[in-house]
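Report on one structure; see the data block that follows.
Values below: all heavy atoms of this structure, side chains included; hydrogens, waters and symmetry mates excluded. Since we're looking at a predicted model, the values are computed, not measured.
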Amino acid sequence: MTTYGVPDVFRIGPGRLTAGLDSSPRLDYDTHRRVHGRMPRLPIDDLIALAELGDLRGRGGAGFPFARKLRAVIDSAGRRGAPITVVVNGTEGEPAAHKDKVLLTRAPHLILDGADLVARALSAVEIVVGVAHGGPGERSLLNAIHERGMTDTVRVVRMPDRFISGEGGALVRGINGERPIPPGRKVRSSDSGVGGMPTMLSNAETYAQLALMAMLGVDMYSSVGLASEPGTVLLSVTGSARRPAVVETPTGVRLREVLDLCDATVGQAVLLGGYHGKWMTPEAVERAEVSRAGFEALGGALGAGIVVPLGWESCPLGETARVARYMAGQSAGQCGPCYMGLPDLAQAFGALADGNGHIETVQRAAATMKGRGACGHPDGTARFVLSAIDVFAEDIMTHAAYGTCGLPVKGVLPLPAEASARASEAQLILDWSRCEGHGLCSHVVPELISLDQHGYPVVSTASVPPSLEGEARRAIEMCPALALRLNAAPTESRR
């Protein structure tokens, strides 16, 4: 059962972030205060000390120390004499992630508490919260802002519900009125973020954790979890789980306990860290401890807390291939590794799943992208695909011998509904016998079409994502030579 369109919430041990959610579908401001108590105000030095003593790390995937971010923003603002903006990243573009959606929908005041605490300490001019357009948390967040009387200090910005829109640089660009894609070069938001000014940017759960730390105090906050990684984490558990949920658990708990709580069969493997993460063998899962160090010791990563068990009933190569195609379609189209490398990687792994590909071809495709992308999307996708080669070696041999492993592709790995539809897997096709090099198409949909040195179009081989179908069709209509068309991709085989 779900609440407000988000998964159920389970917990191991006492609830922290999820306190009160067992008796209320959503904590309004009065209920939130009764559950969590008074929110203190802290000067910036005390706030930095708090974050350091509690070893608060970003919960959006990178795990960067929060105190270091605070110092970087303060230093930048001091050098430039510039105002500071606080940004909350609640976009959560990863299809398998739900923890931030749960917080925004059911416990939005924890997020606002943390953001407000930071904004006051930094004397920030504004708080901006980025959310996925039409996502389940948007209305709850807007209500929370009104409940607190913060409409003059908090702004909500809606972002496209795409994978790359969750990247911090993409969010800043979106807030600034630009295309919400990664900037293509390393730009620290602490130096140049919203309006080009110093910006304190972190993930929604991170701000909620900071609020808890401030209200509980470091000693109480650290009374659960590992001494080296105190507190709790939120895990999004989907895949083969019969009871998909967001689980709050202290660090140090065995991953097996989390999976059992969600009635999840490990089966052939578990994906940790989402679609920029890695497949883990059942043997590794049995040894895994929920913590950054625990997952890293087994070659995985806690990341944004995504746990996707595969189970026994779906073809692992087919599941990986469909996600690889989706990830190629989520490209920003601004660099070669994304624009050409990801479609090549998806195609190479698709051939492997069909039984007529080669591991070396997949590895070469991944190697050509390594470290060359404008953002982490190519490397992250390659990491996911290459881990499948390691974990599913026997399946690859079976597919090579028989063309199939005998299992269907059931869609266990979560993808947006529209990404699974055949219509959304169309490709733009260029008829060179007609093309006259007008170049209009590249201006209409630059994400999919660029111009070469002679002014002729270079069309992406990636599937057209749903968010760009309108622009793709407009490019077709505007082509004076009628050289473009939209071609449906072949139907995915069902084994």
Side-chain angles (χ1 to χ4, degrees), residues 16-17 32-33 36-60 62-90 100 103 108-130 144-145 148-157 168-169 171-172 175-176 187-222 229-231:
R16 292 283 186 81
L17 295 166
H32 167 76
R33 282 285 163 255
H36 291 290
R38 184 182 65 85
M39 186 69 197
R41 292 189 182 185
L42 297 175
I44 188 60
D45 289 343
D46 290 353
L47 186 62
I48 291 173
L50 179 78
E52 285 182 328
L53 289 170
D55 191 30
L56 180 62
R57 305 289 185 104
R59 302 301 176 95
F64 195 82
F66 193 81
R68 286 175 60 186
K69 278 193 176 183
L70 286 171
R71 284 199 176 94
V73 171
I74 294 167
D75 290 346
S76 179
R79 289 194 306 271
R80 300 173 57 187
I84 296 172
T85 297
V86 171
V87 173
V88 180
N89 190 347
D100 290 344
L103 289 175
H109 290 286
L110 267 180
I111 299 170
L112 292 175
D113 273 349
D116 188 49
L117 177 67
V118 172
R120 289 177 184 273
L122 293 174
S123 299
V125 295
E126 185 182 32
I127 298 170
V128 184
V129 186
I145 292 169
R148 301 168 71 107
M150 297 179 72
T151 53
D152 292 335
T153 56
V154 181
R155 178 160 57 107
V156 176
V157 174
L171 174 57
V172 168
I175 294 170
N176 287 336
V187 179
R188 293 180 178 176
S189 59
S190 58
D191 292 328
S192 179
V194 176
M197 297 295 104
T199 298
M200 180 63 201
L201 186 154
S202 200
N203 153 269
E205 185 197 342
T206 313
Y207 283 105
Q209 292 279 8
L210 180 67
L212 281 176
M213 200 177 288
M215 288 185 284
L216 294 172
V218 171
D219 290 344
M220 179 64 72
Y221 180 88
S222 304
E229 295 182 34

According to side chain to side chain contact (heavy atoms under 4.5 Å, CB included), who are the partners of [X], at least two apart in sequence or on a separate chain?
X    : answer
A77  : I84, P198
D75  : R79
S192 : V187
V156 : V131, L141, L142, I145

Expected output: side-chain S222 to main-chain P230 donor-acceptor under 3.5 Å
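No.
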Do side-chain atoms of K69 reach the backbone of L201 as a donor and acceptor pair under 3.5 angstrom?
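Between the backbone of L201 and the side chain of K69 there is a qualifying donor-acceptor contact (under 3.5 Å).
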Which heavy atom in [X] sits nearest to a heavy atom in [Y], and how many Å separate them?
X    : Y    : value
L17  : L110 : O-CD1, 3.6 Å
V88  : A115 : CG2-CB, 3.8 Å
L112 : A144 : CD1-CB, 3.8 Å

Measure the CG-CZ distance between N203 and F66 for me, rounded to the nearest 0.5 Å.
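Rounded to the nearest 0.5 Å, the CG-CZ separation comes out at 10.0 Å.
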Got a second to check how far D100's CG is from I111's CD1, nearest 0.5 Å?
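Rounded to the nearest 0.5 Å, the CG-CD1 separation comes to 6.5 Å.
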Please, which pairs that meet side chain to side chain donor-acceptor pair (under 3.5 Å) have at least one residue in residues 112-124, sequence neighbours excluded?
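Output for this query lists H32-D113, R33-D113, D113-R148, D116-R120.
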For a 4.5 angstrom cut-off between non-hydrogen side-chain atoms, does [X] reach [Y]?
X    : Y    : value
V194 : N176 : yes
V154 : I127 : yes
V125 : M197 : no

Working note: V73 + T199, criterion side chain to side chain contact (heavy atoms under 4.5 Å, CB included); need CA distance, chi angles, decisive distance, verdict.
CA-CA 6 Å; V73 171; T199 298; over 6 Å; no
Applying side-chain hydrogen bond (donor to acceptor under 3.5 Å, both in side chains), can you list everything that pairs with E126, at least two apart in sequence or on another chain?
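For E126, the residues satisfying side-chain hydrogen bond (donor to acceptor under 3.5 Å, both in side chains) (neighbours in sequence not counted) are R155.
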Residues which pass salt bridge (Lys or Arg N to Asp or Glu O under 4.0 Å) with R38, listed by chain and number, not counting sequence neighbours
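With neighbours one apart ignored, the set is empty.
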Give the table of side-chain donor-acceptor pairs shorter than 3.5 Å for residues 40-56, with sequence neighbours excluded, one pair per line with atom names and distance.
from, atom 1, to, atom 2, distance (Å)
E52, OE2, R71, NH1, 2.6
E52, OE2, R71, NH2, 3.0
D55, OD1, R57, NE, 3.0
D55, OD2, R292, NH2, 3.2

Would you sort out whether V157 and V87 count as a side chain to side chain contact (heavy atoms under 4.5 Å, CB included), showing the intermediate values?
CA-CA 10 Å; V157 174; V87 173; over 6 Å; no
Return a table of donor-acceptor pairs under 3.5 angstrom between the side chains of residues 208-218 and protein atoms on other chains or two or more places apart.
from, atom 1, to, atom 2, distance (Å)
Q209, OE1, Y221, OH, 2.8
Q209, NE2, E205, OE2, 3.0
Q209, NE2, T232, O, 3.0

